[in-house]
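Quick caveat: nothing in here was measured; it's all calculated off a predicted structure.
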Amino acid sequence: MRTRRCGVLTVEVDTARVERRLGSGALACPRCSGTLARWGHARSRDVRDRAGPVRLVPRRARCTGCGVTHVLLPVVVLVRRADVAAVIGAALAAKAAGAGHRRIAVELGRAAETVRGWLRRFAGRVEAVRVVFTGWCRALAADPVMPGPAGSVWADAIGALTAAAGALGTRFDTGEVPVWAMAAAISNGRLLAPGWPGRRSTRIDPDVS
């Protein structure tokens, strides 16, 4: 079977569970819904957490139906970002609370230009993010508690993200769901990537912890 170009698929953090799901045929191709099978690993790299670097060696999988390969990216990170999603999310939430990029950079121990880049990218899609996660909140909850106006477009977007995480935890009875892991899962790791959000909705995997 011919192997086609690679995409990205977000999965849970527990590598043993990912391996079990691959082995049992429980992971589906987002392109054609075929079964994903093991296909080696992507290159290793370090990403930065608040406590220091974390080594990441993503599993690679290939669809037995359409032949497309996928890098299985854990929900703690975003596509092409050197910091974990929670660190980037903390910067976005701080901006929504009124902090500037220099103050956020000092608090997170990151370069001011790095933080400003995150904020600029998010600012270009902040209303679209609010719409996407408000929609997921409605889809996940039978009687959703919708966030009210929070005083700014940024705060409204963060409120929608938080509400969607709460709705996800209630829907699948998983308890508290990390907001930025949920954001990575729904955006398929592309929260700050070019072209997201697009026309098609992203599927949600309840295993985001």
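- Shortest non-hydrogen contact noted between S44 and R55 is OG-NH1, 3.7 Å.
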request  = For the pair V84 and W180, evaluate side chain to side chain contact (heavy atoms under 4.5 Å, CB included) and give the outcome as yes or no after the intermediate values.
outcome  = CA-CA 9 Å; V84 297; W180 300 105; over 6 Å; no
Donor-acceptor pairs are to be reported for all side-chain atoms of residues 154-169 against protein atoms at under 3.5 Å, with residues two or more places apart or in another chain.
{"from": "D156", "atom 1": "OD1", "to": "A150", "atom 2": "N", "distance (Å)": "2.6"}
{"from": "T162", "atom 1": "OG1", "to": "I158", "atom 2": "O", "distance (Å)": "3.0"}

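- Atoms CG and CD1, on L78 and I88 in that order, are 5.0 Å from each other to the nearest 0.5 Å.
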request  = For the pair L56 and L73, evaluate side chain to side chain contact (heavy atoms under 4.5 Å, CB included) and give the outcome as yes or no after the intermediate values.
outcome  = CA-CA 9 Å; L56 186 67; L73 195 68; 4.2 Å; yes
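- Here the CZ-OG1 distance, from R48 to T114, works out to 6.0 Å after rounding to the nearest 0.5 Å.
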Would you tabulate the side-chain donor-acceptor contacts of residues 102-112 under 3.5 Å, counting partners in other chains and residues two or more places apart, or write 'none'?
{"from": "R103", "atom 1": "NE", "to": "E107", "atom 2": "OE2", "distance (Å)": "3.2"}
{"from": "R110", "atom 1": "NE", "to": "D83", "atom 2": "OD2", "distance (Å)": "2.4"}
{"from": "R110", "atom 1": "NH1", "to": "L108", "atom 2": "O", "distance (Å)": "3.1"}
{"from": "R110", "atom 1": "NH2", "to": "D49", "atom 2": "O", "distance (Å)": "3.2"}
{"from": "R110", "atom 1": "NH2", "to": "D83", "atom 2": "OD2", "distance (Å)": "3.1"}

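- Hydrophobic clustering (ILVMFWY, side-chain heavy atoms < 4.5 Å, transitive): V79 and V77 are in one cluster.
- For the atom pair I186 CD1 and W196 CH2, the distance stands at 8.0 Å (nearest 0.5 Å).
- In terms of hydrophobic clustering, with Ile, Leu, Val, Met, Phe, Trp and Tyr side chains grouped at heavy-atom distances under 4.5 Å, V47 and V13 are assigned to a common cluster.
- A donor-acceptor distance shorter than 3.5 angstrom exists from the side chain of R38 to the backbone of E19, with no hydrogens or angles considered.
- Residues P194 and R190 approach most closely at O-NH2, 2.6 Å, considering heavy atoms.
- No chain of hydrophobic side-chain contacts below 4.5 Å, direct or via other Ile, Leu, Val, Met, Phe, Trp or Tyr residues, connects L191 to V131.
- In terms of heavy-atom proximity, A183 sits nearest to S187 at O-OG, 2.7 Å.
- Among all heavy-atom pairs drawn from A37 and T64, the shortest one is CB-CG2, 4.0 Å.
- No donor-acceptor distance shorter than 3.5 angstrom exists from the side chain of T10 to the backbone of G189, with no hydrogens or angles considered.
- Annotation: the span from L72 atom CG to L9 atom CG amounts to 5.5 Å, rounded to 0.5 Å.
- Nearest heavy-atom pair across H70 and C29 is NE2-SG, 3.5 Å.
- Sorted by first then second residue, the salt bridge (charged side-chain N to carboxylate O under 4.0 Å, His left out) pairs that include residues 117-129, not counting sequence neighbours, are E127-R130.
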message = Show, in sequence, the C-alpha distance, side-chain angles and deciding distance for H41 and R59, and conclude whether the side chain to side chain contact (heavy atoms under 4.5 Å, CB included) test is met.
response = CA-CA 4 Å; H41 291 83; R59 166 59 91 172; 3.8 Å; yes
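- Atom CZ of F133 sits about 10.5 Å away from atom CG of L140, to the nearest 0.5 Å.
- Considering NE2 of H101 and CG of L119, their distance stands at 8.0 Å, rounded to 0.5 Å.
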